[in-house]
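Structure first, commentary second.
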Amino acid sequence: MTQIYELDKIAITVKSHRLLKVLLKENPKLEEIMYGSKNETEALIGMKNWILDLIKDKPDVLKYCEKGVASGISFKSLGWSDIAAIRILDYVDNAGREFIDLNLRGQLAVSNPIKLLWLGANKGTGGAKPDFFEDMIHLFRQLMGKEAKKDYTKEQLKSWMNRFPSGLDPRIVKLREENRERILNIIIDKIDDGEINDSKYKFDPDLSREGKLEIALGWWNESTFHLRFAVRSPDLLNEFLGYSLDPDSMNILYEAEKKGIPFFVNPYYLSLLHVRVPYFAVGADLAIRHYVVYSRQLIDEFGYLNAWEKEDKVEPGKPNAAGWILPSHHNVHRRYPEVAILIPDTMGRACGGLCSSCQRMYDFQNGYLNFNLNKLKPNETWSERLERLMEYFENDSQLRDILITGGDALMSSDKSLENILDSIYSMAKRKQQKNLNRPDNKKYAEIQRIRLGSRLPAYLPQRITDSLADLLKRFKEKGLEIGIKQFVIQTHFESPMEITPEVKEAVKKLINVGWIVTNQHVFTAASSRRGHNLKLREVMNDIGILPYYTFSVKGYMENYFNFAPNARAVQESIEEKVIGNLSESSIELTKKFAEDAEHIVENINSIRLAENIPFLATDRNVLNLPGVGKSLTFRVIGITRYGRRILEFEHDSTRTHSPIIEKMDKVLIIESKSISEYLNQLEEIGEKIEEYTDVYGYSIGETESRMPLYEYPEPDLTITKEFTNLEIPDTEFASIEK
Ligand code: SF4
């Protein structure tokens with residue numbers, strides 16, 4: 001008998017007993033099945049018969065149960081209790097399945113909730129934790145119609161939104177000015193004491209304090225200043241924050257330092273954190289704070305991190321997890337046929353800060369991404385390699401979209417960035433010329449979209465200079481001539497408090513030169529609070545940014561702290577984001593956004609006004625699956641004894657995937673946090689959890705459709721169906737199922 005089955009013998013705790021008692025008392029039929037079954041198998045049969053009896057006259061529910069989204073029925077059309085019935089049947093059908101739990105460094109997890117109930121009721125064993133029973137109590141309340149899904153009025157949603165100020169609120173602007181002054185005074189002291197000795201940032205010894213401050217305020221507008229004075233240690237972080245970090249947080253940060261987790265918080269971004277918390281903004285900066293201050297779990301797991309994106313593991317010449325053969329170890333990542341991610345060997349391998357739940361933490365762990373800014377300057381071999389990478393793109397039959405990222409694309413100097421963009425331009429031109437010699441239906445896709453992935457508009461808006469804007473303008477002018485139609489800055493804002501006057505100015509520069517700015521939000525626990533994402537969408541729209549994705553936090557136990565369950569992502573999209581839904585005619589109007597980027601603010605506003613909505617809900621809530629792509633089409637098919645849910649995902653059928661998709665199993669995810677743990681965490685940060693309880697009921701998700709504005713323009717040629725750079729291995733794709 002393996003260790004995992006030994007857990008069945010473990011006595012449940014007093015709290016678990018009490019919760020089980022509540023569950024059975026509330027559900028006499030369940031009690032009868034549990035006590036009337038001689039063993040777990042009888043309990044499973046009893047459960048299945050009961051539930052099938054409840055839904056026997058509901059053909060849609062039966063059909064959805066069997067075929068899921070392939071039934072053509074949307075789960076939104078099913079009753080709330082029917083969704084619970086489907087989950088219980090899924091629990092029964094998947095009873096006893098074993099999974100490799102990467103949250104527990106590969107230990108086995110088994111899902112058999114009915115058995116755990118039977119063991120608990122009859123023997124007081126099974127080892128199920130209170131969170132498991134909490135989840136089951138809500139499941140049966142949902143089944144029996146005792147807990148109904150709530151619909152919220154526009155007024156309610158707006159009142160949630162208004163809980164969160166934005167960084168453009170004059171009161172917040174004033175606070176940030178105080179923070180800026182505090183930080184600059186510390187830096188001035190350090191320069192005066194000789195603790196900081198810099199050839200560029202120094203003072204004339206005779207200068208008065210006021211004079212120094214005035215000069216330092218000028219430095220504040222330069223991105224190089226912020227990179228030079230970025231905080232790289234816990235002590236300095238605390239000092240810059242006016243010693244406001246509590247001893248527990250500091251201990252965690254010291255441990256992080258010992259473990260080798262990089263620190264890099266620039267003064268501008270630090271000035272967004274409150275030291276003095278005003279009554280109107282209590283908790284408003286949490287989503288930022290939790291992105292800067294590391295968690296216990298991250299520290300424990302750093303060094304053992306698994307790559308979530310299996311396709312990010314690359315061996316040149318061998319197919320990656322999505323079947324793509326790539327030209328180098330680190331420079332190209334690829335999931336979809338049309339898109340390649342380019343990671344240059346430049347300063348772009350750094351970022352303007354390290355986000356605590358960084359999607360590329362695995363690369364920071366292995367040192368490929370880092371903050372050694374001087375060493376990251378491109379060397380001579382980079383230009384040769386860049387040419388080789390361009391040959392790869394040139395000879396790819398399907399590629400039409402290049403996303404330059406890192407790290408952060410805008411960490412590259414203007415010169416390096418221009419060099420990369422020029423290489424892409426020449427490659428795109430060669431691609432076009434080669435097509436002239438190809439027959440009609442054998443033509444290769446031409447480049448239609450260029451994206452720069454950067455969080456610098458949030459971390460360091462000072463990087464968006466006039467000269468950068470000029471460079472982007474020049475590239476766009478040239479690119480348009482060879483058929484590139486979409487020019488996108490893909491950024492990453494987490495909180496409405498990150499939208500500051502500096503950001504507004506920076507985004508304006510990007511828009512003025514005809515690039516659209518889209519946002520990929522990461523749905524962390526703090527940013528998943530009711531109304532938070534609504535406010536972020538609204539204030540982003542105010543300055544011309546379009547929401548693109550709301551991503552569930554990726555990763556395993558290292559991201560436990562910031563993780564918000566996928567159920568909450570579905571709840572947010574159904575109960576909250578709807579306030580920004582667009583009519584068909586408005587969706588039609590958004591299709592022109594990329595072509596008319598210069599007027600995006602006006603164009604957004606005219607739709608908001610016509611529809612009387614606070615923002616345009618142009619983003620999709622999804623999870624980036626470890627495999628090939630994004631989806632929120634899932635069903636909860638299991639639950640561990642710790643109450644952590646097991647989700648079975650399907651791929652987004654609306655997108656073109658690598659043909660490997662046909663060989664892949666459904667993707668299984670074990671969440672790192674139970675719903676109860678999530679709600680407790682929300683309570684600790686001041687939320688009323690009764691506002692969230694429906695979250696337990698969201699055990700099914702469906703990927704929202706992609707807004708047409710994000711589709712590729714129709715190409716003027718017939719692209720070959722042949723795939724280059726692709727090799728589909730004979731073996732089946734590995735699953736976490738044992
Ligand atoms: S900006 Fe992106 S790549 Fe850089 S640390 Fe943040 S999440 Fe990671």
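When a ligand or atom number is given, it counts from 1 through the structure's own listing order.
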Regarding R706 and E711, does a basic nitrogen lie under 4.0 Å from an acidic carboxylate oxygen?
yes

Check the pair L421 / I404 against side chain to side chain contact (heavy atoms under 4.5 Å, CB included), numbers first and verdict last.
CA-CA 9 Å; L421 288 173; I404 306 166; 3.8 Å; yes

Can you check whether H492 and Y291 have ring centres sitting under 6.0 Å from each other?
yes

In this structure, is the centre-to-centre distance between the rings of F364 and F302 below 6.0 Å?
no

Applying salt bridge (Lys or Arg N to Asp or Glu O under 4.0 Å), name anything that partners E502, two or more places apart in sequence or on another chain.
none

Donor-acceptor under 3.5 Å (S416 side chain, S412 main chain)
no

For atom 6 (Fe) of ligand 1, state how many protein N, O or S atoms fall inside a distance shorter than 2.8 Å.
1

